[in-house]
Amino acid sequence: MKDIAQYALEQLKKAGADKASCRATKGRKDEFNIEANQFTLLRTVFTDDLHLKALVGGRKGVTIINKLDRSSIDEAVKSCVALAKSAEPDSAEDISPLLENKDFNTYSGSDMEGLFSRSKEYLQQVRDELPKIMIEGFSSSYSSGETAYVNSNGVCFTAKNDYYHFNSMFVGKEGEKGSSFNYSGAYLKDMSKPLINAGMHRQLLEEAEKSIHTRMVEEKFTGKIIVTPACSDVLWNTLMQNFLGDRCLIEGTSRWKDSLGQTVADKKLTFRATPHNTLIVTDPHFTADGFLVHDVDFIKDGVLKSFALSLYGANKTGKPHAPTSNYNIEVATGDTPLAEMLKGVDRGILLNRFSGGSPGASGDISGVAKNSFLIENGQVTDALQETMISFNILESLKNITAISKEAVTEGVTVLPWCCLDGVTVSGK
């Protein structure tokens with residue numbers, strides 16, 4: 001991959017690029033698919049990808065192709081430089097400086113027999129241990145790949161890695177009655193453990209059985225929700241997209257755009273990117289714009305310490321750059337055991353899944369709690385029918401009553417349970 005990326009870079013410079021970068025990737029995925037408890041497909045998918053960027057007089061051109069032969073590269077180079085010459089100038093566009101070049105190799109090798117065996121074992125365990133669960137769809141795969149990034153400042157990174165992944169969609173069924181569907185999966189480095197024990201998977205399967213018979217909340221009330229690690233989108237992904245990332249800060253819609261160094265959450269909260277955590281399977285090693293990834297604290301003890309800005313975002317906004325992986329997020333565990341956290345909730349919801357529109361710039365969130373449970377007098381009681389909840393994420397972060405000692409990883413994130421106060425639950 002390095003030779004391909006270097007060739008493309010040289011052609012971009014010869015074609016007139018003042019600055020240029022190239023990222024070449026070759027990947028392979030071997031995948032099993034299961035439907036109705038039967039293996040229905042084994043396929044191998046090959047992926048080639050070449051991402052070219054050229055800067056000409058402060059103008060940017062980008063071309064992406066899925067062929068790596070020299071003839072295709074030559075045509076892509078012409079297109080990329082032509083696009084740059086016709087673009088509007090943007091002084092924020094740049095490429096990464098040369099700091100340190102490095103090669104990474106975390107490749108451990110394929111164990112397809114082990115993957116097949118674990119997949120069969122998973123289906124048998126679900127049949128034997130969870131007879132009310134119906135697996136509606138299941139896939140398991142082994143992915144491997146090589147990537148090289150080079151640019152005209154002399155930066156050169158390469159990486160070779162692999163991992164396993166599985167994903168299952170399931171419902172609880174009893175006669176004609178059924179639960180809402182749910183899904184769960186994990187990224188794994190090896191096949192040493194049963195798939196059913198990865199992350200929160202077994203717990204979510206067990207809860208799907210309990211969710212066949214549900215209860216509707218009879219009235220509207222304001223209480224607490226405990227956001228489980230399975231529901232990362234409602235809080236943590238929203239923070240990245242709406243308050244910390246490139247788009248919201250460039251457009252000026254982030255309510256935190258002028259809040260660096262200020263308290264934005266309860267002091268219990270430390271929220272960070274930790275791609276080098278040993279529990280993370282999908283460490284990207286370097287960013288798409290050519291920087292080695294680092295662990296970064298976004299919020300530490302409730303104080304906003306960093307945004308999640310790329311080089312372009314930092315140049316555009318004048319705010320600090322954060323070379324890290326915006327996907328490998330971690331919330332530091334607290335000092336409250338989950339059982340004790342539950343006892344502290346008089347009335348609320350254990351939230352496993354949330355379906356709703358993207359929150360606005362104000363931080364207001366409204367949507368449906370799914371695959372969730374009612375908490376009454378410190379006890380998890382009945383499975384909920386789909387129930388509307390609403391809250392303001394910025395205010396709720398200031399009303400964190402507890403963060404659990406326990407945490408769960410699915411190979412990408414490391415998250416505990418988090419209890420928020422001031423959430424409106426709308427019954428019928």
Side-chain angles (χ1 to χ4, degrees), residues 88 90-93 220 222-225 227 231-273 287-289 296-331 349 351 353-370 387-401 403 413 415 418-426:
E88 291 295 320
D90 188 342
S91 60
E93 288 291 354
K220 182 176 181 178
T222 299
K224 297 176 181 178
I225 59 171
V227 181
C231 194
S232 62
D233 54 341
V234 69
L235 285 182
W236 317 120
N237 293 345
T238 296
L239 291 186
M240 300 300 292
Q241 295 170 10
N242 290 58
F243 304 103
L244 296 171
D246 276 7
R247 182 173 180 177
C248 62
L249 288 162
I250 291 171
E251 294 178 351
T253 59
S254 171
R255 294 281 294 274
W256 287 348
K257 63 181 184 295
D258 299 315
S259 298
L260 275 181
Q262 298 179 21
T263 297
V264 296
D266 187 277
K267 65 180 181 181
K268 299 181 191 69
L269 180 63
T270 293
F271 172 62
R272 55 202 179 203
T287 66
D289 57 355
V296 173
D297 288 329
F298 299 122
I299 299 172
K300 185 173 177 61
D301 301 327
V303 176
L304 182 62
K305 293 292 188 180
S306 176
F307 297 118
L309 288 168
S310 68
L311 176 63
Y312 178 79
N315 289 344
K316 198 72 173 175
T317 61
K319 301 182 187 301
H321 176 218
T324 191
S325 166
N326 293 349
Y327 300 101
N328 300 135
I329 57 174
E330 176 184 353
V331 174
I349 291 177
L351 186 67
R353 190 158 73 90
F354 176 84
S355 177
S358 298
S362 66
D364 289 334
I365 294 178
S366 180
V368 179
K370 296 188 174 187
T387 302
M388 288 291 299
I389 62 172
S390 58
F391 60 101
N392 183 281
I393 186 173
L394 302 182
E395 293 304 315
S396 292
L397 290 179
K398 297 175 182 176
N399 292 315
I400 296 173
T401 63
I403 295 177
T413 62
L415 299 173
C418 185
C419 186
L420 309 177
D421 205 352
V423 177
T424 300
V425 179
S426 300

Backbone N or O of [Y] within a donor-acceptor pair of the [X] side chain at under 3.5 Å?
X	Y	result
Asn399	Gly422	no
Ser254	Phe243	yes
Thr270	Asp301	yes

According to side-chain contact (heavy atoms from CB on, under 4.5 Å), who are the partners of [X], at least two apart in sequence or on a separate chain?
X	answer
Thr317	Leu249, Ile250, Leu309, Lys319
Asp90	Ala92, Glu93, Tyr312, Lys316
Ser390	Ser366, Thr424

Would you say the side chain of [Y] lies within less than 4.5 Å of the side chain of [X], judging by non-hydrogen atoms?
X	Y	value
Phe271	Leu244	yes
Ser362	Arg255	yes
Ile389	Leu351	yes
Ile329	Asn237	yes
Leu397	Val264	no
Val331	Leu235	no

### Task
List for me each residue that meets ring-ring contact (aromatic ring centres under 6.0 Å, His included) alongside Phe307, sequence neighbours excluded, and say none if there are none.
none
Kindly compute the distance separating [atom1] ([X]) from [atom2] ([Y]), expressed to the nearest 0.5 Å.
X	Y	atom1	atom2	result
Lys305	Leu260	NZ	CG	10.0 Å
Trp256	Asn242	CH2	CG	10.0 Å
Ile349	Ile225	CD1	CD1	7.5 Å
Ser232	Arg353	OG	CZ	12.5 Å
Leu269	Ile299	CG	CD1	5.0 Å

### Message
Would you call the rings of Phe391 and Phe354 parallel, tilted or perpendicular, taking 30° and 60° as the class edges?
### Response
perpendicular
### Asp246 and Ser310 side chains, donor-acceptor separation under 3.5 Å
yes
Using the side-chain hydrogen bond (donor to acceptor under 3.5 Å, both in side chains) criterion, which residues pair with [X]? Sequence neighbours excluded.
X	result
Asn326	none
Thr238	none
Asp297	none
Thr413	Glu410

[X]: what forms a salt bridge (charged side-chain N to carboxylate O under 4.0 Å, His left out) with it, not counting sequence neighbours?
X	answer
Lys370	Glu386
Glu251	Arg247
Arg272	Glu330
Asp266	Lys268

Where is the tightest heavy-atom contact between [X] and [Y], given as atom of each residue plus distance?
X	Y	answer
Asn392	Leu394	OD1-N, 3.0 Å
Ile400	Cys418	CG2-SG, 3.9 Å
Leu311	Asp289	N-OD2, 3.1 Å
Ser306	Val296	OG-CG1, 3.6 Å

